[in-house]
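Note that these values count all heavy atoms, side chains included, but never hydrogens, waters or copies made by symmetry.
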Amino acid sequence: MAKYKEYKDQFVIAHIVDLDNPEAVTTYAAHLSRMLGKGVILLHISDPAFSTPSPDEAQQRLQEIKERMVEQEQLKDVNYAALKGDTKMIVDALPTLLNGVVAVAKVVDGAPKSSLLNAKTLLRTYATCKIAFLTVQEPLPYGKVIKEVALTIDYKKESKEKMLWSTYFARFNHSVIHPLYYHYNDEGLHYKWYANMKFMKKLFDGLSITFVPNEIAGKKSFVDLPALDFANQQGYELLIAVTTNEKDVAEWFIGTQEQRTILNEYHIPILFVNPREDIYVLCD
């Protein structure tokens, strides 16, 4: 164990599954650490279902990763934890076990279902996590910062969860926020969507946040799919999304929206928030 128990502040959790290739996770974790003013905990979970290294082996590797990260990213508050146990139980306990406020995890195209690098497996593992989790496919280029952040505003109340996290990027990273929306012809859905837009404007105006809304073409059930296309066209660097709280009949057969977007061809990282009443937020 590292010295993370000495700290009472919140941490960015860099969930490193592939100890040989941690850069995708560590570079984004470092960026979030600087942006939010939080320390970093490098986490590896030795779980027979996913991982072969023992905690002792993993701890040695994490120590090496920490040393490289401190040198390359110029971070001082980097800690590590090699834990043994059930991955999902540990992930669910991240807010209290490691004072986590956001996690970073890597997904790989073609990873087997038995691997936590598999997108669907990762989503299932983080399905009840109380903190937001950023999924990435490749390292953040050196010197690049996330200045253009997109989120979709639909008719669901969960849109407010995305708005909250977007304010952190605007306030602490000076990012421009790009709310993307679909025009609802249905009067009831339009009313709910409009209420969300009014709430967002009030929230953003109150915090003096710069935002540029755009209407996009798409279907009401999967608005994040055309949002990714639009984000790629415009050069946006991040999409904030929520996971599906309750599946409808179609989603049981064709999959949820997040299963279709997490491993996207543009390699745009996605910050997911699980809609729940007891979601953990930043202490700021």
Side-chain angles (χ1 to χ4, degrees), residues 1-5 7 10-29 32 39-69 78-139 243-244 247 252 255-256 258-259 262-263 269-274 276 278-280:
M1 289 283 184
K3 58 181 180 179
Y4 61 87
K5 287 187 177 180
Y7 295 85
Q10 295 171 312
F11 290 88
V12 176
I13 307 299
H15 187 174
I16 300 174
V17 174
D18 185 354
L19 292 166
D20 294 322
N21 299 285
E23 290 77 20
V25 174
T26 57
T27 51
Y28 275 95
L32 289 177
V40 174
I41 294 179
L42 306 175
L43 170 67
H44 182 82
I45 303 171
S46 292
D47 182 342
F50 297 117
S51 177
T52 52
S54 68
D56 289 341
E57 292 172 315
Q59 182 163 294
Q60 178 60 41
R61 299 295 300 280
L62 290 176
Q63 171 66 27
E64 297 168 358
I65 294 169
K66 170 189 172 177
E67 292 172 357
R68 292 200 305 270
M69 189 176 182
V78 180
N79 309 278
Y80 59 90
L83 305 180
K84 182 178 182 180
D86 180 87
T87 300
K88 183 166 176 51
M89 290 181 64
I90 292 174
V91 165
D92 282 349
L94 287 178
T96 51
L97 181 66
L98 298 179
N99 291 338
V101 68
V102 60
V104 183
K106 180 182 178 181
V107 289
V108 175
D109 189 14
K113 292 182 179 180
S114 58
S115 169
L116 202 60
L117 298 172
N118 178 277
K120 291 184 179 180
T121 303
L122 180 70
L123 285 171
R124 285 196 299 270
T125 302
Y126 274 83
T128 53
C129 184
K130 296 180 182 179
I131 60 175
F133 57 103
L134 176 64
T135 59
V136 299
Q137 295 175 248
E138 58 188 24
T243 56
T244 303
K247 295 180 183 179
W252 278 108
T256 59
E258 58 268 26
Q259 291 175 341
I262 180 173
L263 198 63
I270 302 182
L271 180 77
F272 287 107
V273 182
N274 290 321
R276 51 186 301 139
D278 57 349
I279 191 76
Y280 279 64

task = Evaluate the criterion side-chain contact (heavy atoms from CB on, under 4.5 Å) for residue pair L271 and V102; output intermediate values, then yes/no.
result = CA-CA 9 Å; L271 180 77; V102 60; 4.0 Å; yes
request  = For N21, check side chain to side chain contact (heavy atoms under 4.5 Å, CB included) against everything at least two apart and list the hits.
outcome  = D18, E23, K106
message = Do L123 and Q259 have side chains that approach each other closer than 4.5 Å (heavy atoms only, starting at C-beta)?
response = yes
I65 and L19: CA distance, side-chain angles, deciding distance, side-chain contact (heavy atoms from CB on, under 4.5 Å) verdict = CA-CA 8 Å; I65 294 169; L19 292 166; 4.1 Å; yes
key: CG (D86) with more than 12 external heavy atoms under 6.0 Å   = yes
key: Shortest non-hydrogen contact from P95 toward I131   = CG-CG2, 3.6 Å
query = Side chains of I13 and V101: closer than 4.5 Å at any heavy-atom pair?
reply = no
query = L122 pairs by side chain to side chain contact (heavy atoms under 4.5 Å, CB included) with which of T135, V108, V17, L263?
reply = T135
note = Closest non-hydrogen atoms of E138 and Y28, given as atom of the first, atom of the second and distance, are O-CE1, 3.3 Å
remark   = salt bridge (charged side-chain N to carboxylate O under 4.0 Å, His left out) filter on E64, not counting sequence neighbours, yields R61
query = Any donor-acceptor pair under 3.5 Å linking the side chain of N99 with the backbone of F11?
reply = no
query = Does any non-hydrogen side-chain atom of V136 lie less than 4.5 Å from one of V104?
reply = yes
ask   = Is V12 close to I41 at the side-chain level, that is, under 4.5 Å between some pair of heavy atoms?
value = no
query = Yes or no on side-chain contact (heavy atoms from CB on, under 4.5 Å) for V40 and M69, after CA distance, side-chain angles and deciding distance?
reply = CA-CA 10 Å; V40 174; M69 189 176 182; 4.0 Å; yes
key: Inter-residue atom distance T243.OG1 - I270.CD1, 0.5 Å rounding   = 12.0 Å
remark   = Between the NE2 atom in H15 and the CD1 atom in I90, the distance rounded to the nearest 0.5 Å is 8.5 Å
message = Testing the basics here: between C129 and N274, what is the closest heavy-atom pair and its distance to 0.1 Å?
response = O-ND2, 3.0 Å
Non-neighbouring partners of Q63 that pass side chain to side chain contact (heavy atoms under 4.5 Å, CB included), sequence neighbours left out = K66, E67, Y80
task = Answer yes or no: is there a side-chain heavy-atom contact under 4.5 Å between T128 and K88?
result = yes
request  = Go through the structure and list residues passing ring pair (Phe, Tyr, Trp, His ring centres under 6.0 Å) with F272, not counting sequence neighbours.
outcome  = F133
Enumerate, atom names and distances included, each donor-acceptor pair closer than 3.5 Å involving a side-chain atom of residues 42-50, sequence neighbours excluded.
{"from": "H44", "atom 1": "ND1", "to": "I16", "atom 2": "O", "distance (Å)": "2.8"}
{"from": "H44", "atom 1": "NE2", "to": "S51", "atom 2": "OG", "distance (Å)": "2.9"}
{"from": "S46", "atom 1": "OG", "to": "P53", "atom 2": "O", "distance (Å)": "2.8"}
{"from": "D47", "atom 1": "OD1", "to": "A49", "atom 2": "N", "distance (Å)": "2.9"}
{"from": "D47", "atom 1": "OD2", "to": "T87", "atom 2": "N", "distance (Å)": "2.8"}
{"from": "D47", "atom 1": "OD2", "to": "T87", "atom 2": "OG1", "distance (Å)": "2.8"}

Side chains of residues 114-121: which donor-acceptor partners sit under 3.5 Å, not counting sequence neighbours?
{"from": "S115", "atom 1": "OG", "to": "L117", "atom 2": "N", "distance (Å)": "3.0"}
{"from": "N118", "atom 1": "OD1", "to": "K120", "atom 2": "N", "distance (Å)": "3.1"}
{"from": "N118", "atom 1": "OD1", "to": "T121", "atom 2": "N", "distance (Å)": "3.0"}
{"from": "N118", "atom 1": "OD1", "to": "T121", "atom 2": "OG1", "distance (Å)": "3.2"}
{"from": "N118", "atom 1": "ND2", "to": "A111", "atom 2": "O", "distance (Å)": "2.8"}
{"from": "T121", "atom 1": "OG1", "to": "K113", "atom 2": "O", "distance (Å)": "2.8"}
{"from": "T121", "atom 1": "OG1", "to": "R124", "atom 2": "NH2", "distance (Å)": "3.4"}

